[in-house]
Each structure stands twice: as C-alpha cells, then as structure tokens.
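Scroll down for the structure; my scribbles are underneath it.
Naming: A, B, ... by sequence-line order, numbering from 1 per chain. Quick note: numbers below take in every heavy atom, side chains included, and nothing from hydrogens, waters or symmetry partners.
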There are 2 protein chains.
Amino acid sequence: MSAHTPPVLLPVAGQPPRERADAARNRSRLLDVAARLVAEHGAANVTMDAVAAGAAVGKGTVYRRFGDRAGLMLALLDHAGRAFQEAFISGPPPLGPGAPPTDRLRAFGAGLIEHHLRYRDLYLAAELPPDRRYTDDPPRALYARHISGLLAAAETGGDTELLTETLLASLDPALLAHLRAQRGMSQERITAGWTDLVDRLLG
Amino acid sequence: MSAHTPPVLLPVAGQPPRERADAARNRSRLLDVAARLVAEHGAANVTMDAVAAGAAVGKGTVYRRFGDRAGLMLALLDHAGRAFQEAFISGPPPLGPGAPPTDRLRAFGAGLIEHHLRYRDLYLAAELPPDRRYTDDPPRALYARHISGLLAAAETGGDTELLTETLLASLDPALLAHLRAQRGMSQERITAGWTDLVDRLLG
DNA sequence: CGCGGATACGGACCGTAGTCCGGTTGTACG
DNA sequence: CGTACAACCGGACTACGGTCCGTATCCGCG
C-alpha cells in the first residue's frame, strides 16, 4: 500500500458514479420528446421507435435509460407524482402529518384517486406485466408503507399487511379507469366509496 | 309470401349457425395441444406459433377460434372454472344457496382464492390489456353479479355496485399471486384476511 | 349426386417490444 | 496534453402477437 491510497476505482457501492454528460442530455431529450408524443397521440399510440427517432437517438439508448416501455412511462409520471408524494408525506393536514390517521387515510385515498384518474392513460400504458406489477414500482411501495403506517397508528386490529394490499387494490389505476369510463361512475362517487370503505373498516 | 316460408336464410340472430365439423375438430385439437404445452413449459412460455404448429394448423386458425392469446388461455380455464361456478350457483351451502348471504360471501371468497391460486400461471398468462380486463371476461361478470346479489340480500347499506368492485379487486389473480409468491403469505392467511374483510364490512 | 355460397384454412406479412455488439466518446488521471 | 478505460451509442436483429386474403372445404338444398 502506498502512502496515499488512490482515489476510488471501484466507486462506493450503491452510489452510482454519476451520469455522463451526454447520457444526461439524452435522457432529458427523450423525456421531452416522449411527453410531446404522448400529448399529441395519446400514450397508447406512442412507440419506442418513434421516441428514439424523435430524439434523434438509437433505440438502444432509450432502453438503456429506461429499461422498457413501462419504465419510460413511469419516468414521465415521476414528476407529476412527486407533488402528491410530498403532499402526503410532509404537506399540510389532513393529507400530511397532524391529522388523525383515519382522516389522513381518507384524504390519501381521495388524492390518489384524483391522481390516478388524471393521468389514467399514462398509467394504463405504464402497466407492468403481472409478475412485476407489485415489485417494480417504487411509488406503489411508498403508498403501501404510508397506508400501513396509518393503519398501525389507527390501532385497528387484524392483518395490517393484508389490509394494506386490499386497500391499495381498490385504488388501482386500471380499476379506477374502468369504474369511470365503462361504468360511468363520477369521481365524486368513487371518492365517496373510498370514504365509506375506510369508515366501515376503521370506524 | 308462399304457403310454406323457406328455411332460414338469415339464421336466427343470436343463434350462431353451429360450428362446422372441421372447425370443431381443430378447436379441440388446439385446446389439447395448448394444455400439453402449458403443462410442459408453463403458460408464460407457450407461443401462439407453437400451439398452431403443434396442432398442425395455420396461425390464422388459432386466432379465428380464440380471438387472441388471452382468449386461448381463458378457454383453457373455462373447464376448470365451471365446477366452481356451478358450486356457488347451485351447489350445497354455504357456497351455494341456503346459507345466510354473509356466510355465502365468506365461502365464495375462499373458493375463488383457492381457484385463482391453483391456476395462477394460467391466469397471469390470460390477463387482458387494462382497458378490456373488466369487460371482456365473462366469469368475472358472473362473479360480480353474484357478489352484488349477496350484498343486496345482506341488506348492508352503501354503494353496492362500488363495494362489489372493491371486493372483487381484492380477489384479483395477479394480486393473490403476488401475496403468495413475493410476499410469502400462505393461502390460509389470505383466506383469513378475506373473512376478516367481510366481517368488517358486513358485520 | 352436384352445385353454390357460407365458412374455414394456411401461412406470408406487418408492427412493435426488446436484445446485442462493434465502434465511439466522455472523463479521470498522470 | 495524452492515454486508457468505462460508459455510452446506434441500429441491425430477433421474437412474438396479431392481421389479411386468396384458396380449399364443408354442407344444405334441389
């Protein structure tokens, strides 16, 4: 060993070495183009080739940055999602901390219904294959922890983990889109249903 | 008009004219082959080409008979599903008629959990795209009517239609598969969760 | 039995998601 | 400034689902 150890050659595991400049440029170009194409043609009609071509970039680059089609759509949703996430983590009550857990849960569901319905076409296009749907979706994991925490705080009995999954399932984007579009239920009605559900389960 | 009207040239609408012999033969050949391939390689690894080739039939024939990949898988599930359907429609209580609605609902959920878990790989392979998932699945519609009827009979208040969807969502094959495989929950635990859910909602 | 039209057949064809790899470029370091 | 190597790039390629349409087959009727 020499007196001064050389700078990290194997970068600190877990701290990815920082994105190269060209890569970062391409990422944002791709996101811009994808957003534009989604706005123009609807999320369902946007192909990966079109995004690549629109950003004057090879297909491989799109996949290296975003993994797959769902990953790209999820990245598009990431920005919109952050606002909501901050709201229920650290925003004002009743969504944020400060209100009783039951009130927070009611507000959380209402907010997520709103969010999922607002971006429904993106969510439908972003849907992962069934075996990855519940594992490869960071926001979903966050929602689950949040609900789980509220349930624990509410000191309701029962299988908290399972109850969390059930509640989350009733806020699923595809289900909400169906209730709204095929069944013709208004967002108000759906939200009222959520409130009623929470009341019955925790009241 | 002559004395005796000629036989139906435009066949009675709604009564499809009966399947041609060769078509019927191909259907059953295709189902046999598909079942064998699923057993051998798992539903996820069965391609439509392989099924067609295995039945010594053109690809077009597969699609004409079953519409799409999901349709083929659903057809495979049809047989297994019928037993369960008859059981809750006209079988012995508590699953069938005769028991109080709440008991029937508990039994129905337990049965559907069992069924969905038993054939989970087929259900995952049979999953429809999000916009068709809740409309193009006859068994699901039947389940919904059944739950809805039980809720009505139980004279629980609230939005029955919405409550039905929520309950059905918690029995979704993909969700159950996740709870079982990724989360490691036993079928007993999941079933207990369903019972608890029903108790909280209707108790 | 023979005819005619509805029904079914097959497999070439298309579009899209996702993979692969030889060549290029950015960046840290001396 | 030069070098070396990891990271990145592009686009040809593969696999698969689904469509199309000219041809062959079945079957009711005379």
[N] phosphate, OP1 or OP2, under 4.0 Å from [X] side-chain N/O:
X	N	result
Arg65(A)	dA7(D)	no
Thr61(B)	dA8(C)	no
Arg64(B)	dT7(C)	no
Asn26(B)	dA8(C)	no

Report the distance from atom [atom1] of [X] to atom [atom2] of [N], rounded to the nearest whole Å.
X	N	atom1	atom2	answer
Tyr63(B)	dC21(D)	OH	C1'	17 Å
Glu19(A)	dT25(C)	CD	P	19 Å
Asp49(A)	dA12(D)	CG	P	11 Å
Asp22(B)	dA6(C)	CG	P	17 Å
Phe66(A)	dA17(C)	CZ	P	15 Å
Asn45(A)	dA17(C)	CG	C1'	16 Å
Arg132(A)	dG18(C)	CZ	C1'	12 Å
Met48(B)	dC13(C)	CE	P	21 Å

Practice task
When you get a sec, tell me which of dC9(D), dG10(C), dG18(C) is the closest nucleotide to the side chain of Arg69(A)?
Solution key: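 The closest nucleotide is dG18(C).
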Problem - Residue whose nearest DNA chain C nucleotide is more 5′ - Thr47(A) or Arg20(A) - result: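 With Arg20(A) and Thr47(A) compared, the 5'-side residue is Thr47(A).
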Looking for any heavy atom pair under 4.0 Å, which part of the strands does [X] touch: base, sugar-phosphate only, or nothing?
X	result
Ala56(A)	sugar-phosphate
Arg25(A)	nothing
Arg27(A)	nothing

Problem - Sub-4.5 Å side-chain heavy-atom contact between Leu37(B) and Thr47(B) - result: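 Heavy-atom side-chain distance check fails, nothing below 4.5 Å.
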Exercise for the section: Report yes if some heavy atom in the side chain of Glu114(A) is under 4.5 Å from a heavy atom in the side chain of Phe84(A); otherwise report no. Expected result: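 No, every pair of side-chain atoms sits at 4.5 Å or beyond.
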Practice task
Would you mind telling me which residue lines up with the more 5' stretch of DNA chain D, Ala21(B) or Val46(B), judged by nearest nucleotide?
Solution key: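 Upstream on the strand: Val46(B).
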Exercise for the section: Using the side chain to side chain contact (heavy atoms under 4.5 Å, CB included) rule, pick out the option among Leu150(B), Ile147(B), Leu151(B) that qualifies with Thr160(B). Expected result: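 For Thr160(B), the side chain to side chain contact (heavy atoms under 4.5 Å, CB included) check succeeds only for Leu151(B).
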Exercise for the section: Using a strict cut-off of less than 4.0 Å between a Lys/Arg side-chain nitrogen and an Asp/Glu carboxylate oxygen, indicate whether Glu127(A) and Arg133(B) qualify as a salt bridge. Expected result: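 A salt bridge is present here (some side-chain N lies under 4.0 Å from a carboxylate O).
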Handout entry: Salt-bridge criterion met for Arg36(B) and Asp32(B) (N-O under 4.0 Å)
Key =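 Between Asp32(B) and Arg36(B) there is no salt bridge, as every charged N stays at least 4.0 Å from the carboxylate O atoms.
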Practice task
Report yes or no: is there a donor-acceptor pair, N or O only, under 3.5 Å between the side chain of Lys59(A) and the base of dA17(C)?
Solution key: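 Yes.
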